[in-house]
2 protein chains.
Amino acid sequence: MDEQRSRAAEVPAGRVRPVTGAVTLKQVAAEAEVSLATASRVLHRSGGREVRGALAERVQAAAERLGYVSNPHAQALARARSSTVGLIVHDVTDPYFAAIATGAMHAAHADGVMVMMAATFRDPELEIDYLGRLRAQGARGALLAGSGSTDPAVSGRLADAITAFTREGGRVTAIGARPDAHIDAVVPDNTDGARQARAHLEALGHRRIGVVSGPGTLLTVRQRLEGLGDGLRTVEADFTREGGYEAAAKLLAAHPDGGLTALIALNDLMAAGALAAARDAGRRVPEDLSVVGFDDLPFAADLSPALTTVRLPLRQMGERAMALLLTGSDGASPAAGPSAASAAEPGAAASRRTVDFPVELVVRASTAEAAGARTT
Amino acid sequence: MDEQRSRAAEVPAGRVRPVTGAVTLKQVAAEAEVSLATASRVLHRSGGREVRGALAERVQAAAERLGYVSNPHAQALARARSSTVGLIVHDVTDPYFAAIATGAMHAAHADGVMVMMAATFRDPELEIDYLGRLRAQGARGALLAGSGSTDPAVSGRLADAITAFTREGGRVTAIGARPDAHIDAVVPDNTDGARQARAHLEALGHRRIGVVSGPGTLLTVRQRLEGLGDGLRTVEADFTREGGYEAAAKLLAAHPDGGLTALIALNDLMAAGALAAARDAGRRVPEDLSVVGFDDLPFAADLSPALTTVRLPLRQMGERAMALLLTGSDGASPAAGPSAASAAEPGAAASRRTVDFPVELVVRASTAEAAGARTT
DNA sequence: CTGTTAGCGCATTCAA
DNA sequence: TTGAATGCGCTAACAG
């Protein structure tokens, strides 16, 4: 219909950018009066390098003049690998994932990698599906944020999806514990955090502690429960604010009055709900009831009372995970992490790399000495 | 290294999936014994449709058997347009954007589009850069979340980037007001919300009201200030929790005691900071000081006291914006919105479409009758 | 209705 | 070193 789109190619001097269609490498090559291959080489340092001052400069200049931006799709197709990575989270709205995402995007940006983000809304099927699409897309890798399900059925299929992706050169890194996956991972020390939380409460004299827990199918929950140890009253509910309210209300109702002097919520969202439940049940925090959360999301300090919680370095975890992913393909700096647990042996197929992140209890206003403790 | 885990895929016929490289359309075509074009047609309903029971089924079956997933890059290259859309936000961590992102991803998922998300960290340059990359990529469009800067310098360059993108067929939709941009937009009624907030406070007897404002360069801020009207003490600071604390502290210090009986923060993040500042200044909320926020982010109800704020239907706005973007290229349903202000004339170049979203004041515990009002 | 045939923009092998 | 040629996986005219 129109030939106005292609004539811009061979016009050495004063031509302006074509009105339609992007500038292609071919155009740049023509403008610089070199071959396509040469242009590609100087612009994307393909194959063997070369400088050849004169030529290289001419190409650079031409590219700049024309406002050349390479077409990622063409590149991806030609070299069978794109420069995007996928970031799969459960829910963008959850501050937990938002923090991780921020870190990840930050690290990605530094490497000129684009991030495709998807939310699974906690549906494992979507996670698998998305992984497949990333694979088909030749994505450089995928970041799986959020603890995996321990349901063997889905986790098996997920494992297959991961394997398929990996086999084709994609790298998969998990943030948070994954049941089985033989993939790189960045994990917070959940059990230790839970241990710290309980120790803190016991040091304050609390003996009757309730646990506002998320679904036992989540590995994260399991680890936290494990760190907590035995002898606590536990109620499971959704890993959300509502779930926290619900579980806490149930716990409080089952143990009226001083039956329970403290509550440990397995994440801050649930803690927020627990705080609300305590309020509605007429329990003052921390006078009548101490409450501890987990994660230290941004809003934790703004709750009232300010929440004592276990802090996870979410953002750093996101950054580190992305770095791990990106250094998988090409050899960037090994970058020693907070505590690199098992490093890959230099051998051919890199084995699993795991980076552990220590966590730390942040004491604020929601915990205090147990009422009964004073008399002890 | 180990094949112990991959045998899961069932293979009716004798062929096993190739160990390396993804399954291609060509392979599917061969397996189904049809031509490449035919396979493409049934699998991607390219060009004119066709069903032809027998053939179509054979192709479908073959695709399924082989586990075919089309290569988005090849498709993008061939049809000169990809099926990804960009979502540009200031900060993933900000619940405001998270809510919008959720809505957008939801709508995108329904249409099978992938979302590339990027955070600009409030740097306009990054926004422009990212737009350029999306353009080079042949992205279907871009969603610009977050009010634009009114700085003529950057906004001019942004406009150029938008124009360039648009000219090549990409659609750009803004969420929130943009100074100039002649693009589709989904906007909350900021001025009305501000009006409601002030009216609410005045009805409660407040006469001396302070405004905890964000940077006047943000259009959103301007609109809210405009809706607020005159006669208020305003202090500007960052559009963050810290900024809110800072501005509120300043305001409170400048008007000791009953100088100010209420504060309106121009977003909930600032409101959270203002609440903290009030607490630190020894002002009880709402007894001594009423506080109103803006946005109604998820945490607003968990602040203490629970925040009275202007609710924006963030998630819906995100969904609607994505829908607007997606219905730009192909003709999907016009879908009447909450209040379609100006619809595009059916003519060739669609003109700007704007969808206004009404907002509503949510009264909670942070506002009460002005102390002095009782004696009036 | 189905198959053939060119490219899309780029990386790369192979000659020169 | 540099250039010409081939193909990545798929779509979209064209034929038949």
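Just so we're on the same page: letters track the sequence lines, and every chain starts at 1.
Between A:Lys26 atom NZ and C:dA11 atom P the separation is 15 Å, expressed in whole Å. Separating the CG atom of A:Asn71 from the P atom of D:dG9 is a distance of 16 Å, rounded to the nearest angstrom. Computed from coordinates, the A:Leu77 CG to C:dC8 P distance equals 13 Å when rounded to whole Å. In this structure, A:His73 atom NE2 and C:dA11 atom P are separated by 14 Å, rounded to whole Å. The interatomic distance linking B:Leu43 (CG) with C:dT2 (C1') rounds to 16 Å, in whole Å. As a whole-Å value, the separation of A:Arg58 CZ from D:dT1 P is 17 Å. Computed from coordinates, the A:Arg81 CZ to C:dT12 C1' distance equals 17 Å when rounded to whole Å. What separates CZ of B:Arg79 from P of D:dG9 is a distance of 17 Å, to the nearest Å.
In the set C:dA11, D:dT11, C:dG9, the nucleotide with an atom closest to the side chain of B:Ser40 is D:dT11. Proximity note for B:Gln75 (side chain, C-beta onward) versus D:dC10, C:dA11, C:dG9: the nearest is D:dC10.
Each of B:Thr166, B:Asp184, B:Thr327 was checked for a side chain to side chain donor-acceptor pair (under 3.5 Å) with B:Arg171, and the lone residue meeting it is B:Asp184.
Ring geometry for A:His73 versus B:His73: interplanar angle of 30 to 60°, hence tilted.
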What does the list of N/O pairs under 3.5 Å between the protein and nucleotides 3-5 of chain C look like, with a distance for each?
| residue | atom | partner | partner atom | Å |
| --- | --- | --- | --- | --- |
| C:dG3 | OP2 | B:Ser35 | N | 3.2 |
| C:dG3 | OP2 | B:Ser35 | OG | 3.2 |
| C:dG3 | OP2 | B:Thr38 | OG1 | 2.4 |
| C:dG3 | N7 | B:Arg41 | NH2 | 2.6 |
| C:dG3 | O6 | B:Arg41 | NH1 | 3.3 |

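Counting only N and O atoms by type, the side chains of B:Ser70 and B:Gln75 include a donor and acceptor under 3.5 Å apart.
Ion pair B:Glu125/B:Arg157 flagged as a salt bridge, since at least one NZ, NE, NH1 or NH2 atom sits closer than 4.0 Å to an Asp/Glu carboxylate oxygen. Taking a cutoff of 4.0 Å between a charged side-chain nitrogen and a carboxylate oxygen, B:Arg58 and B:Glu33 do not qualify as a salt bridge.
Residues A:Glu127 and A:Val154 have side chains not in contact (no heavy-atom distance under 4.5 Å, counting atoms from C-beta outward).
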